[in-house]
Amino acid sequence: MADPPTIRPCKRRVTVSIGSRSSSRRRRVVLIGCELTPYVLLRRPDRTVTTDDASESNPLDGHFLRYKWYRVQSDKKVAVCSIHPSEQATLQCLGCVKAKIPVAKSYHCTPKCFSDAWQHHRVLHDRAASAVNDNGNEEEELFGRFNNSGSGSSNTTLSASASSASLTNGVTPVYPAAVTQRSGGETWFEVGRSKTYTPTADDIGHVLKFECVVVDAETKLPVGHASTLLTSRVIPAPSPSPRRMIPVDGMGHLDPEGRITSSGSFTVLSYNILSDAYASSDLYNYCPSWALSWPYRRQNLLREIVGYRADIICLQEVQSDHYEEFFAPELDKHGYYGLYKKKTNEVFLGNANTIDGCATFFRRDRFSHVKKYEVEFNKAAQSLTDAMIPTTQRKTALNRLVKDNVALIVVLEAKVNNQPVDNPGKRQLLCVANTHVNVHHDLKDVKLWQVHTLLKGLEKIAASADIPMLVCGDFNSVPGSAPHTLLAVGKVDPSHPDLAVDPLSILRPPSKLVHQLPLVSAYSSFGRTIGVGYEQHRRRLDSTTNEPLFTNVTRDFIGSLDYIFYTADSLVVESLLELLDEESLRKDTALPSPEWSSDHIALLAEFRCCKSRSRR
């Protein structure tokens with residue numbers, strides 16, 4: 001019989017990096033809903049090393065690997081820091097105890113931790129002092145439910161995707177934990193039998209133990225000793241602060257779950273989710289590494305996106321591999337059908353699988369897919385240079401214009417039972433454009449040319465059919481810039497400063513920078529809404545343009561780059577997702593953060609179809 005393969009020592013016999021494929025020995029933050037994938041090196045008898053799995057159904061040299069996961073439950077009660085939940089608490093705020101603030105909020109790991117957090121921590125005291133707690137429910141609403149199990153961790157609720165039966169953690173569904181070992185005041189409960197494991201709410205506050213052993217394929221007996229690794233304590237994923245839908249015309253009403261609806265209405269979400277390829281620790285070094293990792297961010301993003309329950313979802317910066325392997329199958333579980341357009345790769349130098357693009361999803365029970373148009377600005381650049389640029393200058397022109405950006409245009413048809421009551425029997429079509437315009441600040445001419453090209457394409461669709469339109473995306477253009485002005489006003493003043501940047505003369509004459517679509521920015525509706533309670537929302541708008549003060553917040557930039565435009569002759573805004581205030585985001589320096597997993601914020605608008613009027 002051949003010598004059995006062994007797990008290579010490599011400083012420790014199993015080398016694991018939680019939430020990462022690296023082989024770092026440092027134990028990382030472990031959160032519920034985020035899959036753990038141990039990094040296991042297997043040394044064969046010929047001393048070659050492989051990371052390939054050796055399963056019972058596909059043994060290697062007559063041996064396979066058996067995996068087990070355990071939850072380690074200590075008899076000793078341990079409190080966890082409220083700011084750094086992977087650290088054990090060493091002090092407690094007595095002011096929180098006196099104010100009857102949930103005990104989990106009162107723990108800190110060091111005096112410096114408490115001092116640094118004081119500015120925001122004291123808000124808990126102020127809110128507790130002003131809260132009227134007649135029946136105890138208000139405290140629960142203010143601070144969230146807390147299960148004082150002795151672990152010092154807040155209890156939380158997983159999203160439907162994370163808590164679904166698909167998280168089996170092994171070859172059989174999750175089964176009631178059975179005591180398997182007890183030693184030194186610790187009890188080990190077996191929780192999984194596969195290489196990967198996804199922590200659940202039951203694991204909060206507990207250490208997990210991973211065990212791997214070589215097994216003889218014939219006798220099914222272990223060969224040698226098991227190799228093990230302990231994780232840090234499992235913590236709940238930070239829950240993003242809930243954002244309400246705010247009616248803007250007084251015609252909507254709240255359903256029993258708090259969602260504003262009206263007859264014939266539908267909701268549209270636009271969100272730049274921050275591609276993992278761009279989420280570098282150098283650029284976002286203020287965000288904890290665990291919160292910047294894709295295994296964490298994808299679950300947090302999915303939880304947020306699904307929570308909005310939008311009928312149409314427009315996402316930007318979706319990597320092609322993430323669309324195929326994660327977003328398409330996960331959103332399919334929630335009733336969405338997806339369409340995707342990957343950026344072209346004439347400029348991109350990285351892995352082809354990590355090229356990002358635009359993804360548009362819609363609810364299958366609300367809409368059906370009629371047609372899809374793909375806009376590749378590289379092709380438009382080639383046509384432009386062939387027609388306008390002298391042969392000797394074409395290479396220079398293409399170097400400036402070819403940036404791989406794309407747009408995805410989808411024509412949808414509303415399902416019959418959701419047609420507006422004032423249009424019985426008529427097909428209700430809707431055109432949704434989703435784009436991500438070039439990011440480079442110095443290429444103002446390229447941004448404007450890309451937006452103008454997209455609008456000309458949409459005009460052709462509008463000329464062929466009387467169809468409401470939505471234009472969503474990250475335009476990388478602030479309010480008042482030439483691209484924003486073209487979208488919102490329909491033309492650009494020849495004296496606009498952005499037109500001064502035009503080395504290829506592609507913006508001349510300025511009189512051609514027009515379009516006939518009656519586009520209006522959805523969020524400008526906040527500025528036109530009057531009444532008690534709207535002052536807070538208007539304060540979050542730019543008073544000149546009525547656009548949000550920001551949709552993108554990093555340490556070095558804050559401003560609006562994302563918009564949802566609609567044709568005002570055929571659609572009416574019913575409600576809008578409330579905007580965030582800068583102070584609440586700055587507590588984590590900027591975006592992304594443990595709470596919000598993109599450097600952009602999501603925009604969500606509810607629309608109602610109305611009778612079409614003549615277009616300008």
Side-chain angles (χ1 to χ4, degrees), residues 314 316-318 320 339-349 355-360 371-411 431-464 469-477 481-487 490-492 496 498-499 501-517 519 561 563 565:
C314 295
Q316 303 87 44
E317 287 196 22
V318 181
S320 56
L339 296 162
Y340 182 69
K341 175 57 183 173
K342 180 170 66 174
K343 283 183 180 178
T344 45
N345 61 349
E346 294 180 50
V347 178
F348 185 79
L349 300 177
I355 299 176
D356 66 287
C358 298
T360 299
K371 198 162 187 178
K372 171 186 176 183
Y373 301 90
E374 296 182 346
V375 180
E376 294 184 358
F377 294 114
N378 283 6
K379 288 184 178 179
Q382 186 67 59
S383 300
L384 177 69
T385 54
D386 290 346
M388 292 183 55
I389 308 297
T391 305
T392 56
Q393 300 176 22
R394 286 179 185 171
K395 183 176 180 180
T396 301
L398 287 173
N399 284 340
R400 186 171 184 85
L401 293 174
V402 171
K403 299 300 176 189
D404 289 338
N405 299 92
V406 297
L408 174 61
I409 303 172
V410 177
V411 177
C431 179
V432 182
N434 179 10
T435 191
H436 188 188
V437 172
N438 187 251
V439 67
H440 296 289
H441 177 73
D442 296 334
L443 301 180
K444 291 182 172 63
D445 54 326
V446 178
K447 295 176 190 284
L448 181 55
W449 169 75
Q450 288 183 349
V451 170
H452 184 250
T453 300
L454 174 60
L455 290 171
K456 290 291 119 178
L458 292 173
E459 278 190 319
K460 292 179 181 179
I461 297 174
S464 64
M469 288 190 167
L470 294 165
V471 187
C472 309
D474 176 359
F475 294 85
N476 274 309
S477 304
S481 63
H484 175 267
T485 301
L486 179 60
L487 283 159
K491 62 182 179 180
V492 182
H496 195 291
D498 284 2
L499 300 186
V501 181
D502 186 20
L504 302 177
S505 299
I506 58 174
L507 306 178
R508 300 173 192 170
S511 58
K512 76 176 183 180
L513 299 174
V514 297
H515 70 88
Q516 300 301 315
L517 301 173
L519 295 178
L561 304 175
Y563 308 94
F565 285 92

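Just so it is clear, the values below take in all heavy atoms, side chains as well, and ignore hydrogens, waters and symmetry mates.
Among residues two or more places apart in sequence or in another chain, the salt bridge (charged side-chain N to carboxylate O under 4.0 Å, His left out) test is passed with D445 by R400. For the side chain to side chain donor-acceptor pair (under 3.5 Å) test, residues two or more places apart in sequence or in another chain that qualify with D386 are Q382. The side-chain contact (heavy atoms from CB on, under 4.5 Å) check on E376 picks up K341, T344, K379, V406, with sequence neighbours excluded. With sequence neighbours left out, N345 forms a side-chain contact (heavy atoms from CB on, under 4.5 Å) with F348, I355. T435 meets the side chain to side chain donor-acceptor pair (under 3.5 Å) test with no other residue; sequence neighbours excluded. Scored by the salt bridge (charged side-chain N to carboxylate O under 4.0 Å, His left out) test, D356 finds K343 as partners (sequence neighbours excluded). Among residues two or more places apart in sequence or in another chain, the side chain to side chain donor-acceptor pair (under 3.5 Å) test is passed with K456 by E459. Applying the side chain to side chain donor-acceptor pair (under 3.5 Å) criterion to N438, with sequence neighbours excluded, gives N405. With sequence neighbours excluded, the residues satisfying side-chain contact (heavy atoms from CB on, under 4.5 Å) with A433 are I409, L458, V471. Contacts of K447 classified as salt bridge (charged side-chain N to carboxylate O under 4.0 Å, His left out), with partners at least two apart in sequence or in another chain: none. Among residues two or more places apart in sequence or in another chain, the salt bridge (charged side-chain N to carboxylate O under 4.0 Å, His left out) test is passed with K512 by none.
A pairwise comparison of heavy atoms in L519 and H515 identifies CD1-CE1, 3.9 Å as the closest pair. Nearest heavy-atom pair across A359 and N434 is O-ND2, 3.1 Å. Between I506 and D502, the shortest heavy-atom distance links the atoms N-OD1, 3.0 Å. Smallest separation of non-hydrogen atoms from R394 and T385: NE-O, 3.4 Å. Here the shortest heavy-atom pairing between L408 and K372 reads CD1-CE, 3.5 Å. In this structure, I389 and L504 approach most closely via the heavy-atom pair CD1-O, 3.9 Å.
Residue P483 forms a side-chain contact (heavy atoms from CB on, under 4.5 Å) with just one option from V437, D498, L455, and that option is D498.
With rounding to the nearest 0.5 angstrom, the SG atom of C358 is 10.5 Å from the CD atom of E374. Taken to the nearest 0.5 Å, the CG atom of L499 stands 6.0 Å off from the CG atom of L507. To the nearest 0.5 Å, atom CG of residue L486 and atom CH2 of residue W449 are 14.0 Å apart. The line from NE2 of H484 to CZ of F475 is 9.5 Å long, rounded to the nearest 0.5 Å. In this structure, the separation between CG on L448 and CG on L443 is 12.0 Å, given to the nearest 0.5 Å. The CD atom of Q316 sits 8.0 Å away from atom SG of C472, with the distance rounded to the nearest 0.5 Å.
In summary, the side chains of N378 and E346 do present a donor paired with an acceptor at a separation below 3.5 Å, with no hydrogens or angles considered.
At least one donor-acceptor pair under 3.5 Å links the side chain of Y340 to the backbone N or O of V318. Distance alone, capped at 3.5 Å, is enough to place a donor-acceptor pair between the K403 side chain and the N399 backbone.
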